Peer 1: 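There's a structure below that I have some questions on.
Treat the numbers as computed from the prediction; the structure is a model and nothing was measured. All chains are named by letter (A, B, ...) in the order of the sequence lines, taking the proteins before the strands, and each is independently numbered beginning at 1.
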2 protein chains.
Amino acid sequence: MRLSTRAQYAVRAMVDLSLHSEGRPVSLKDIALREDIPLNYLEQLFNRLRRGAIVESVRGPGGGYLLARESSAIRVGEIVATVEEPLTPVSCMDKGKGRCTRTAACTTHNVWEMLGERIRTFLDSITLEDLVIEARGRGGEE
Amino acid sequence: MRLSTRAQYAVRAMVDLSLHSEGRPVSLKDIALREDIPLNYLEQLFNRLRRGAIVESVRGPGGGYLLARESSAIRVGEIVATVEEPLTPVSCMDKGKGRCTRTAACTTHNVWEMLGERIRTFLDSITLEDLVIEARGRGGEE
DNA sequence: CTATAGTTGACAGATTTTGTAAGGTATGAT
DNA sequence: ATCATACCTTACAAAATCTGTCAACTATAG
């Protein structure tokens, strides 16, 4: 029951981006340096975030990434789901394999389904803005 | 954010065990057959469950496994945590690596910590008995 | 004393995650 | 124009984890 570092990186990077952008694009190089995340890896993540309409890109010198919306309209669950694909605890819920006819399987599925719902609900209850405010409050070291 | 099949197997096997034991030990061979789980793999899982004081073993012919407690006193979260080791979404919370001084990292850690708490709380709110009752209600096919 | 069934450790195959490499494309500045 | 910046994309390799297998052992009922 581990969250991939992909997801952790993505959320951290989004917080960092919010903290350091003042209407102007922030380059991945800067984020990578500050957050100690491999640049090429970050690029992949931000590709997904862009396709997920969470960030927008500006190419060329002085370019970088911008939030596609206000930070109060971006939920953590969205970020995680976008880079992590399935936010469901078990796989058989994605396709409909029908194998749920076996003995105890169907009963336990309900549990995993509810668990997934709890996880999504919780992560969706937190916005990027919440994290930025908390990070700012944490003080000005660095 | 996937639950290992280890954990899924373990919970299913525990439900199966509860359903088919009437005070008498149930052999892993039977569970493996009914639930379509590799026997050798099940053995490993039940080793952990035994060390976790969730089941008791009876060796020799006619032997098998018994619940170590009433099913109402066994929580799903316990089963999962026992076979899956860490039920924390990120790794840096296990040892205390101190790297939490970096920029946005500490802020996001709070989120993962709270998430882990939610997951554990939810899974601990469901007992094995709950699942057994639900499975019985599901009908007598098989 | 034999068959059953739990106990244990080592290990291999498969999958997933994480990270690297290498090239491409758009664009602002000189 | 051309150059440097920085996004964009694909392919691939290294590492970790998960899943499953094998083999040998121990306890015990009949």
Peer 1: What is the distance, to the nearest angstrom, from the CG atom on A/Leu45 to the P atom on D/dC8?
Peer 2: 13 Å

Peer 1: Please find the pair of heavy atoms, one from A/Val26 and one from A/Ser21, that lie closest to each other, and give the distance.
Peer 2: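 It is CG2-CB, 3.5 Å.
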
Peer 1: Give the rounded distance in Å between these two atoms: CG of A/Leu49 and P of D/dC8.
Peer 2: 11 Å

Peer 1: For B/Arg48, answer base if it contacts any base atom (sugar-phosphate contacts may also be present), sugar-phosphate if it contacts only those atoms, and nothing otherwise; contact means non-hydrogen atoms under 4.0 Å.
Peer 2: nothing

Peer 1: Among C/dT7, D/dC8, C/dG19, which nucleotide sits nearest the side chain of A/Arg59?
Peer 2: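 Nearest to the side chain of A/Arg59 among the choices is D/dC8.
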
Peer 1: Measure from the side-chain heavy atoms of A/Tyr41 and tell me the nearest of C/dA5, C/dT20, D/dG20.
Peer 2: C/dT20

Peer 1: Grab the CG-P distance between B/Leu42 and D/dG20 for me, whole Å please.
Peer 2: 10 Å

Peer 1: Could you tell me whether A/Phe46 contacts a base, only the sugar-phosphate backbone, or nothing, with contacts defined as non-hydrogen atoms closer than 4.0 Å?
Peer 2: nothing

Peer 1: Do B/Thr107 and A/Glu134 have a side chain donor and acceptor closer than 3.5 Å?
Peer 2: no

Peer 1: Starting at the 5' end of DNA chain C and moving along, which residue's nearest nucleotide shows up first, B/Gln44 or B/Ser27?
Peer 2: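 Final value for this comparison: B/Ser27.
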
Peer 1: Given the rule in the side chain to side chain contact (heavy atoms under 4.5 Å, CB included) test, do A/Asn47 and A/Arg50 qualify, once you have shown the distances and angles that lead to the verdict?
Peer 2: CA-CA 5 Å; A/Asn47 255 297; A/Arg50 183 176 50 82; 2.9 Å; yes

Peer 1: What integer distance in Å separates A/Asn47:CG from C/dT25:P?
Peer 2: 15 Å

Peer 1: Would you indicate which nucleotide in D/dA29, C/dT20, C/dT8 comes nearest to any side-chain atom of B/Arg50?
Peer 2: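 The answer is C/dT8, which lies nearest to the side chain.
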
Peer 1: Closest to the A/Thr5 side chain: C/dT7, C/dG19, D/dC7?
Peer 2: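 Given the options C/dT7, C/dG19, D/dC7, the side chain of A/Thr5 is closest to C/dG19.
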
Peer 1: Nearest-nucleotide wise, let me know which of B/Asn40 and A/Leu39 is further upstream toward the 5' end of DNA chain D.
Peer 2: A/Leu39

Peer 1: Once you round it to whole Å, what is the distance between C1' of D/dA27 and CD of B/Glu56?
Peer 2: 16 Å

Peer 1: In whole angstroms, how far is the P atom of D/dA29 from the CZ atom of B/Arg24?
Peer 2: 15 Å

Peer 1: Roughly how many Å is it from CD1 in B/Ile31 to P in C/dA5, rounded to a whole number?
Peer 2: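 Rounding to the nearest Å, CD1 of B/Ile31 and P of C/dA5 are 12 Å apart.
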
Peer 1: A/Leu66 has an atom CG; how far is it from atom C1' of D/dC7, in whole Å?
Peer 2: 13 Å

Peer 1: Would you say B/Tyr9 reaches D/dC18's phosphate, i.e. side-chain N/O to OP1/OP2 under 4.0 Å?
Peer 2: no

Peer 1: C/dT7, C/dT18, C/dT20: which one has an atom nearest the side-chain heavy atoms of A/Ser4?
Peer 2: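 When the side chain of A/Ser4 is considered, C/dT18 is the closest of C/dT7, C/dT18, C/dT20.
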
Peer 1: Looking at D/dT21, does its base get a donor-acceptor pair with the side chain of B/Glu43 below 3.5 Å?
Peer 2: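 Between D/dT21 and B/Glu43, which were checked side chain against base, a qualifying N/O pair under 3.5 Å is absent.
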
Peer 1: Under 4.5 Å between side-chain heavy atoms, counting indirect links through other Ile/Leu/Val/Met/Phe/Trp/Tyr residues: same cluster for A/Val11 and A/Leu66 or not?
Peer 2: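 Result: no, two separate clusters.
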
Peer 1: As a test of reading the structure: which of D/dC7, C/dG6, C/dT20 is closest to the side chain of B/Ser57, going by heavy atoms?
Peer 2: C/dG6

Peer 1: Could you go through A/Leu42 and A/Glu35, starting from their C-alpha distance and side-chain angles, then the distance that decides it, and tell me whether this counts as side chain to side chain contact (heavy atoms under 4.5 Å, CB included)?
Peer 2: CA-CA 10 Å; A/Leu42 251 194; A/Glu35 297 296 331; over 6 Å; no

